[in-house]
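Here's the structure we're looking at; comments come further down.
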Amino acid sequence: MESRTQHILDAFADLRHRIAEHAPFNQPDLTEEEIDFLERWDDLTYKIQENTHDYTFDAQEILSRFIRCYANLVPLVKRELLWFVGGECLHFLGDEEISLYQQLEDHLYELDSQNKSYDISKEINTLRDTPTQMH
């Protein structure tokens with residue numbers, strides 16, 4: 001599995017695990033809305049694992065719905081997931097975050113063109129820890 005796809009899968013799996021610890025997802029009896037949401041999430045996980053051509057559209061829908069319906073849980077979302085999924089999810093990122101992730105994309109492209117392997121999480125953390133340079 002390509003590293004970006006693996007990172008997206010891992011981020012969704014981590015988020016799925018983390019939301020299960022919070023209301024309403026930690027309740028024994030979920031509403032139909034929550035059951036439907038989690039079923040769609042599980043379907044998305046399968047599509048990411050299978051690397052279907054349209055999984056990003058489903059991912060955008062799931063994340064957007066999550067943000068709209070469960071605003072109190074949004075801090076659990078890894079910000080780079082919004083970037084990697086793209087589309088409507090980019091509207092939830094600030095200008096500084098977009099700039100950071102554009103730098104990340106340039107860096108990853110450079111590593112790819114040099115056929116260097118990398119861990120996206122480490123690259124993100126390194127970039128976040130690097131002081132921004134004033135132009």
Side-chain angles (χ1 to χ4, degrees):
M1 182 178 294
E2 193 256 334
S3 63
R4 180 182 303 258
T5 305
Q6 184 65 53
H7 187 78
I8 292 169
L9 178 63
D10 292 346
F12 268 109
D14 177 63
L15 183 57
R16 177 79 158 79
H17 177 75
R18 293 173 75 195
I19 67 171
E21 299 170 351
H22 300 276
F25 300 105
N26 64 350
Q27 303 302 308
D29 296 319
L30 298 177
T31 66
E32 281 187 41
E33 182 179 336
E34 275 98 33
I35 291 169
D36 175 67
F37 179 75
L38 294 176
E39 286 174 351
R40 289 177 184 261
W41 191 302
D42 294 341
D43 185 49
L44 169 65
T45 300
Y46 174 77
K47 287 181 176 183
I48 296 171
Q49 288 170 333
E50 295 299 311
N51 201 17
T52 62
H53 70 283
D54 63 343
Y55 85 78
T56 54
F57 297 110
D58 293 335
Q60 290 168 13
E61 180 187 332
I62 290 289
L63 277 179
S64 295
R65 182 175 169 188
F66 180 75
I67 290 168
R68 282 190 314 273
C69 297
Y70 309 103
N72 59 316
L73 300 179
V74 170
L76 301 175
V77 177
K78 290 182 179 179
R79 304 299 291 170
E80 67 266 15
L81 186 57
L82 298 170
W83 173 263
F84 287 136
V85 168
E88 181 183 343
C89 295
L90 295 177
H91 297 289
F92 302 112
L93 294 173
D95 291 343
E96 288 182 13
E97 290 174 307
I98 289 173
S99 176
L100 175 84
Y101 294 123
Q102 286 173 332
Q103 289 175 25
L104 174 68
E105 290 296 340
D106 292 343
H107 182 63
L108 295 180
Y109 177 79
E110 194 175 300
L111 293 173
D112 284 337
S113 65
Q114 297 170 4
N115 290 322
K116 292 185 177 179
S117 62
Y118 53 85
D119 177 330
I120 289 179
S121 296
K122 288 180 183 174
E123 297 300 329
I124 291 168
N125 290 333
T126 299
L127 195 57
R128 282 189 181 134
D129 294 341
T130 305
T132 55
Q133 299 178 4
M134 300 300 284
H135 296 289

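Computed from a predicted structure; not experimentally measured. Positions are given from 1, in the same order as the sequence printed here.
A side-chain donor-acceptor contact under 3.5 Å links Thr31 and Glu34. Donor-acceptor pairing under 3.5 Å is lacking for the side chains of Asp106 and Gln102.
No more than 12 heavy atoms of other residues, nucleotides or ligands shown are found within 6.0 angstrom of CD on Glu96. For CD of Gln27, the number of neighbouring non-hydrogen atoms (other residues, nucleotides, ligands) closer than 6.0 Å is greater than 12.
Side-chain contact between Glu33 and Pro24 is absent, with no heavy-atom pair separated by less than 4.5 Å. Annotation: side chain of Leu100 is not in contact with side chain of Trp83 (no heavy-atom distance under 4.5 Å).
One hydrophobic cluster holds both Phe84 and Leu93 under the rule that ILVMFWY side chains link at heavy-atom gaps under 4.5 Å. Leu127 is connected to Ile8 through a chain of hydrophobic side-chain contacts under 4.5 Å among Ile, Leu, Val, Met, Phe, Trp and Tyr, so both are in one cluster. The hydrophobic clustering, which links ILVMFWY residues whose side-chain heavy atoms are closer than 4.5 Å, places Phe92 and Tyr101 together. There is a path of hydrophobic side-chain contacts, each under 4.5 Å, that joins Leu9 to Leu76. Hydrophobic clustering, with ILVMFWY side chains joined whenever heavy atoms are under 4.5 angstrom apart, groups Leu73 together with Ile67.
Rounding to the nearest 0.5 angstrom, the gap separating the CG atom in Leu104 from the CD atom in Glu80 is 8.5 Å. The distance from the CD atom of Gln103 to the CD1 atom of Ile124 is 12.5 Å, given to the nearest 0.5 Å. Residue Thr5 holds its OG1 atom at 10.5 Å from CG of Asp10, rounded to the nearest 0.5 Å. Interatomic distance, CG of Leu44 versus CD of Glu39, reported as 13.5 Å (0.5 Å rounding). Rounding to the nearest 0.5 angstrom, the gap separating the CG atom in Asp43 from the CD1 atom in Ile48 is 10.0 Å. Going from atom OH of Tyr55 over to atom CD of Gln60 covers 10.5 Å, rounded to the nearest 0.5 Å.
Nearest heavy atom pair, residue Asp14 against residue Lys78, reads OD2-CE, 3.6 Å. Nearest heavy-atom pair across Leu90 and Ile98 is O-CD1, 4.1 Å. Residues Thr56 and Val85 come closest through the heavy atom pair O-CG1, 3.9 Å. Across every non-hydrogen atom of Cys89 and Leu63, the tightest pair is SG-CB, 3.7 Å. Closest of all the heavy-atom pairs between Phe12 and Leu81 is CE1-CD1, 3.7 Å. The nearest pair of heavy atoms linking His22 to Arg18 is CD2-O, 3.1 Å.
Between Tyr70 and Phe66, the ring planes lie tilted relative to each other; the angle falls in the 30° to 60° range.
With sequence neighbours excluded, the residues forming a salt bridge (Lys or Arg N to Asp or Glu O under 4.0 Å) with Glu97 are Arg79, listed by chain and number. With sequence neighbours excluded, the residues satisfying salt bridge (Lys or Arg N to Asp or Glu O under 4.0 Å) with Asp36 are Arg40, Arg65.
Asn26 contributes a side-chain N or O that, together with a main-chain N or O of Ala23, makes up a donor-acceptor pair within less than 3.5 Å. Remark: the backbone N or O of Glu110 is paired with a side-chain donor or acceptor of Ser113 at under 3.5 angstrom. At least one donor-acceptor pair under 3.5 Å links the side chain of Asn125 to the backbone N or O of Ser121.
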Set out, in order, the CA-CA distance, both residues' side-chain angles and the distance that settles side-chain contact (heavy atoms from CB on, under 4.5 Å) for Leu108 and Glu123, then state yes or no.
CA-CA 8 Å; Leu108 295 180; Glu123 297 300 329; 4.2 Å; yes

Using side-chain contact (heavy atoms from CB on, under 4.5 Å), reason through Thr52 and Tyr46 one step at a time and then give a plain yes or no.
CA-CA 9 Å; Thr52 62; Tyr46 174 77; 5.8 Å; no

Carefully, step by step, assess Arg16 and Asp42 under the rule side-chain contact (heavy atoms from CB on, under 4.5 Å).
CA-CA 9 Å; Arg16 177 79 158 79; Asp42 294 341; 3.1 Å; yes

Start with the C-alpha distance between Arg4 and His7, add both sets of side-chain angles, then the distance that settles side-chain contact (heavy atoms from CB on, under 4.5 Å), and finish with yes or no.
CA-CA 5 Å; Arg4 180 182 303 258; His7 187 78; 5.6 Å; no

